Structure formats: structure tokens, C-alpha cells
Enquirer: 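Below is a structure I'd like to ask you about.
Note that the coordinates shown come from a computational prediction; the quantities given were computed from them, not determined experimentally. Keep in mind that the numbers below use all heavy atoms, side chains included, and drop hydrogens, waters and symmetry copies.
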Protein chains: 2
Amino acid sequence: MEQLDRFDREIIEIIQRNCQMKAEAMAEEVGLSASAVQRRLKRLREDGIIKGEVAIIDRKSSGHPMVFIVGMEIERDNYDALARFRLWAERQDHVQQVYYVTGQVDLIAIITARDVEHYDDIAAVLMAENPQIRRMHTNVVLRDIKLSLFVPMAK
Amino acid sequence: MEQLDRFDREIIEIIQRNCQMKAEAMAEEVGLSASAVQRRLKRLREDGIIKGEVAIIDRKSSGHPMVFIVGMEIERDNYDALARFRLWAERQDHVQQVYYVTGQVDLIAIITARDVEHYDDIAAVLMAENPQIRRMHTNVVLRDIKLSLFVPMAK
DNA sequence: CCTGAAAAGAACTTTCT
DNA sequence: AGAAAGTTCTTTTCAGG
């Protein structure tokens with residue numbers, strides 16, 4: 001797993017915006033042949049630099065239009081509280097993102113739900129199945145302002 | 001834009017996990033022919049139910065390995081503060097996600113950066129260019145526990 | 001080792017039933 | 001909707017920096 005050159009970095013920025021773009025179109029943008037772009041994409045996938053390629057869907061069409069951002073406090077003396085929560089969260093489709101953070105709370109999660117009652121059910125299950133979680137502070141999302149997982153490439 | 005049937009919903013769940021999966025493989029999973037799956041994918045894209053298809057990359061390889069979750073308070077008497085912040089955020093590659101929320105803060109943003117100094121620079125520019133932002137509360141992400149934009153499809 | 005170009009293979013799109 | 005023909009894209013191969 002070596003250094004990424006200018007071409008790799010440009011390809012990574014492009015594919016983070018649209019991973020269905022044809023190799024030939026990318027080739028034109030970065031100044032390589034289509035074969036060279038394909039070879040680099042294959043290597044970036046194998047090396048785990050490209051971790052996955054996914055569709056972003058319209059939440060309103062999904063039947064789970066609501067989003068909640070939840071701060072949680074965990075028991076610090078519980079050594080593997082984090083690892084166990086990770087295993088739990090990984091299996092919950094409603095739990096979109098979880099971050100372990102510094103600050104007032106220990107964990108911040110982004111959770112989708114059908115409606116507020118549904119979120120209340122999810123929160124109850126979360127507390128019941130994760131006794132290491134002491135408290136939850138919920139923010140209701142009223143509107144998405146920006147939504148991506150894009151990461152810029154350092155020059 | 002009509003109702004989604006069982007096949008559409010299954011296809012949407014699959015493509016949210018892996019949008020490079022071949023139509024034939026999806027067809028086998030859902031119980032349709034490859035042509036039928038392709039036709040449905042085309043329609044889902046045209047109707048905006050599939051909003052985009054993007055690569056998820058390893059942040060550590062990007063040169064912007066750090067993440068900050070930022071709560072912000074805005075001036076409520078400023079009528080179009082939200083709209084103006086949206087336009088600003090849309091242009092900032094470091095600003096990955098922004099949500100307008102209820103609660104202690106008005107906006108929650110997820111921001112990537114090279115390191116803490118870089119984040120400090122970004123925060124300074126944010127405050128300078130968005131006078132409608134009154135205060136920022138920053139959480140440093142120590143570890144990703146789960147990371148996706150997956151939304152489950154209601155049954 | 002990595003490129004570009006051409007051949008071979010695979011996938012997608014269109015047409016027809 | 002499925003199947004087959006037609007088209008486009010990707011993968012492999014090969015010659016050359």
C-alpha cells in the first residue's frame with residue numbers, strides 16, 4: 001500500500017461523487033487512458049482505499065423519512081462498552097452512523113425512523129439491550145442541509 | 001412517481017449496500033430477470049429515488065483523517081440564515097453533512113480535516129463567512145463506530 | 001512497474017413476443 | 001415480464017517506454 005499519486009487522488013475524488021461514471025469519461029478528466037483508470041480503480045478497491053460503492057436514496061421514498069441525532073453517555077468503567085455497542089449497532093439497519101467522541105457525550109449516533117413513535121421504540125430497545133448506555137440526548141432533524149460521505153484528498 | 005413494490009424495495013436495499021453488483025446477481029436475489037432489474041434501476045434513478053451512487057473511501061488514506069461534529073446556534077431573527085448557510089456549505093468539500101435540528105443547537109455539521117490546526121482554520125473561516133452563526137460547540141471524533149447512509153425500506 | 005491500444009469477454013440496452 | 005439481438009463497457013493481452 002504505497003503512495004497515491006496525482007492520478008489516484010483525482011480518480012478518488014471523482015468516484016466519490018459518481019461511481020457509475022464510465023472509465024473513459026474519468027480517463028478524459030484526469031488525462032490517462034481508460035485501461036489505466038480501470039487498473040488503478042481495481043488496485044484502489046483491493047487495497048481497501050475504496051471501501052465500498054453504494055447508492056444514496058431519497059429518504060422520503062423509503063418509509064423511514066425521519067432522522068434523529070442522538071448523544072449518549074456510557075459507563076466509563078465498563079471496559080468493552082464501545083466494542084459491544086459496535087457489534088449491536090452493526091446489526092441495526094436504523095442506525096446509520098455512530099461516532100465515539102470527546103465532549104459532553106461519549107457517542108453520537110444518527111438514526112432513521114418511520115416517525116417519532118417508531119424512534120421512541122428504537123430508543124427503548126437501544127437502552128434495554130445496551131445497559132452500558134446511561135443517558136440519551138435526542139435532536140430531531142427538521143431538514144437536511146447537506147448529506148454526503150465525501151472526503152477531500154489532500155493536495 | 002407511484003408506489004414501490006416488493007421488488008423495488010429489495011433492489012433499493014441491495015443497491016444501498018453495493019451499487020456495483022451485477023444486475024444478474026440482483027435478479028437472482030430478488031427473483032426477477034436481469035432485464036427487469038435494469039429497467040427498474042433506470043426508473044428509480046430517473047424518479048430521483050436513487051439520488052446518487054458514490055464510493056466510500058478510507059479516510060486515513062485521504063490526508064483528511066480527522067472528523068469533527070459541530071453544534072451551531074444561529075440567529076433566529078435572521079430569516080434566510082439557513083438558506084445562506086446551505087449555499088455556503090454546499091461549496092465546502094470539508095463539510096460532509098449538515099442537519100437543521102431541534103434542541104440545544106440549531107445546526108449539526110460533520111466536518112473532515114487534516115488535523116486539529118486545520119479544523120481550527122476551517123472553524124475560523126466558517127464564523128467569518130457566516131455571521132448568522134452565533135456559537136459553535138465542537139466534538140472531536142476519536143473513532144468511527146459505524147459509517148453509512150443506508151436507509152431501511154419499510155415493509 | 002506502468003502506460004496505451006487492440007482483442008476478448010462481460011454487462012447493459014433495446015427490441016420483440 | 002423474459003429472452004435474444006445489438007451495443008457499450010470492462011478485462012485481458014501485448015508491445016513499448
Enquirer: Would you call A:Arg114 and A:Asp121 a salt bridge, using N to O less than 4.0 angstrom?
Expert: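 Salt bridge between A:Arg114 and A:Asp121, a charged N being under 4.0 Å from a carboxylate O: no.
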Enquirer: Which sits closer to the 5' end of DNA chain D, B:Phe7 or A:Ser35, going by the nucleotide each is nearest to?
Expert: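 Nearer the 5' end of the strand: B:Phe7.
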Enquirer: In whole angstrom, what separates A:Leu44's CG from C:dC2's P?
Expert: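 Result: 12 Å.
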Enquirer: Starting at CD of B:Glu24 and ending at P of D:dA3, how long is that distance when rounded to a whole Å?
Expert: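 Roughly 11 Å, once rounded to whole Å.
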Enquirer: If I take atom CZ in residue B:Arg43 and atom P in nucleotide C:dT14, what distance separates them, rounded to the nearest angstrom?
Expert: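 Roughly 16 Å, once rounded to whole Å.
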Enquirer: Once you round it to whole Å, what is the distance between P of C:dT3 and CG of A:Leu41?
Expert: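 So the two atoms are 12 Å apart, to the nearest Å.
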Enquirer: Using atom CD of B:Glu46 as one end and atom C1' of C:dT13 as the other, report the distance to the nearest whole Å.
Expert: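 So the two atoms are 13 Å apart, to the nearest Å.
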Enquirer: So how far is it from A:Glu90 CD to A:Phe85 CZ, rounded to the nearest 0.5 Å?
Expert: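 Here the rounded value is 11.0 Å.
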Enquirer: Do the side chains of A:Asp144 and A:Lys60 get close enough for a salt bridge, i.e. N-O under 4.0 angstrom?
Expert: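 Judged by the 4.0 Å cut-off on N to carboxylate O distance, A:Asp144 and A:Lys60 do not form a salt bridge.
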Enquirer: Between atom NZ in A:Lys42 and atom P in D:dT11, what is the gap in whole Å?
Expert: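 Taking atom P of D:dT11 as the reference, NZ of A:Lys42 is at 8 Å.
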Enquirer: Provide, to the nearest angstrom, the distance between the CD atom belonging to A:Gln38 and the C1' atom belonging to D:dT12.
Expert: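 So the two atoms are 12 Å apart, to the nearest Å.
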Enquirer: Output the rounded distance in Å from CG (A:Leu32) to C1' (D:dT10).
Expert: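 So the two atoms are 16 Å apart, to the nearest Å.
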Enquirer: With the side chain of B:Ala23 defined as its heavy atoms from C-beta on, choose the nearest nucleotide among D:dC9, D:dT12, C:dC12.
Expert: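 Comparing D:dC9, D:dT12, C:dC12 against the side chain of B:Ala23, the answer is C:dC12.
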Enquirer: Does a side-chain N or O from B:Arg40 land closer than 4.0 Å to OP1 or OP2 of D:dA1, or not?
Expert: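 True: B:Arg40 side-chain N/O within range (under 4.0 Å) of D:dA1 OP1/OP2.
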Enquirer: Nearest nucleotide by nearest heavy atom, which residue falls closer to the 5' end of DNA chain D, A:Arg39 or A:Lys22?
Expert: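 Nearest nucleotide further toward 5': that of A:Lys22.
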Enquirer: Hey, can you tell me if B:His94 and B:His118 have their rings parallel, tilted or perpendicular (30° and 60° cut-offs)?
Expert: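 Rings of B:His94 and B:His118: perpendicular, over 60°.
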